[in-house]
Amino acid sequence: MRRLFAVAISVGVGFAMSRMEWVRLGQAPLPDEWKQILILLTALIATVSSWDGYLMSIQSKPLNGTSRFAIDILLVLIYLFMLLTSSHSNFFLPILCAIFILYTVWDFLTVREHYGKYRLDDTTPRKAFISEALYVYAGGILGDKNVSKGPIITMCWTLFILGMTAITRMTPLYNTYAACILTMAGLLLYRKDKMTTGGWHDRGFSMGIRLILIAALLAGAAATPLAIRAFECAFQS
């Protein structure tokens, strides 16, 4: 997997850069090329941070069976596709949606395979029932100190990416710059949220702070078209 991640990053970034006119001609990027640069940077942050998070997770929760491994392979291909299609501004958020949905599925399968890694009060190495795996999510929402927050963190930030995609698709004044900046902010906050502060069960923001951050980012995305319209009216007058 480490080799596949490295190949996806090097091939994807190298191909995208080689097709940029400003790189080939040695001149300053045009406005559309700045958009591609920003999308490529967003995709690169998503890919590299995922690589780092994956390697840390797999050390304590190794793959058992083929389900998670198949998702890993699919994710690498999707990352590569996202990097290769950075010139299409309407692609990167739907692709990120697919990635985060797969994150959520991967987490759920991991909870079932390594249940003892997610419950402080039941560390028996066994496969969890579906109801037990679902309680890990419920416990994360309720702030149960005996439950790892990791899965609910992933689910919350998946909802953020879905919200960003919905907002940008519903507005006629879709702004690539704002979408990329807000998405990058969300990706960085997601990784900070995943970082442990004390032990495996003590990480990230509280549920309240997490929801406030997500709501603020989505409100910024929803307000962007209004801000653009107001700016245009002020400039014209």
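Atom set for the values below is all heavy atoms of this structure, side chains included, hydrogens, waters and symmetry mates excluded. Position 1 is the first residue of the sequence, and the numbers go up from there.
Side-chain contact between Leu120 and Lys145: absent, with no pair of heavy atoms (C-beta onward) separated by less than 4.5 Å. Contact annotation: the side chain of Ile153 never approaches that of Phe205 to less than 4.5 Å [non-hydrogen atoms, C-beta and beyond]. In this structure, Ile99 and Ile161 have side chains that are not in contact, with every pair of non-hydrogen atoms separated by 4.5 Å or more. Between Lys35 and Ser89 the shortest side-chain heavy-atom distance does not fall below 4.5 Å. Between Gln36 and Thr176, the closest side-chain pair of non-hydrogen atoms is not below 4.5 Å. At least one side-chain heavy atom of Ser206 sits under 4.5 Å from a side-chain heavy atom of Ile209. For the pair Asp72/Trp106, a side-chain contact is recorded, criterion being any heavy-atom separation below 4.5 Å from C-beta on.
For Thr158 and Thr104, the side-chain atoms include at least one donor-acceptor pair closer than 3.5 Å. A donor atom on one side chain and an acceptor atom on the other are not found under 3.5 Å apart for Ser49 and Lys194.
Around the CZ atom of Phe129, the shell of radius 6.0 Å holds no more than 12 heavy atoms that belong to other residues, nucleotides or ligands.
For the pair Arg68 and Glu113, the salt-bridge criterion is met [side-chain N within less than 4.0 Å of a carboxylate O]. The pair Asp107-Lys149 fails the salt-bridge criterion, with no side-chain N (NZ, NE, NH1 or NH2) lying under 4.0 Å from an Asp/Glu carboxylate O.
Take Tyr103 and apply the ring-ring contact (aromatic ring centres under 6.0 Å, His included) test, not counting sequence neighbours, and it matches Phe100.
Contact between Ala179 and Thr168 at its shortest, heavy atoms only, is CB-CG2, 4.1 Å.
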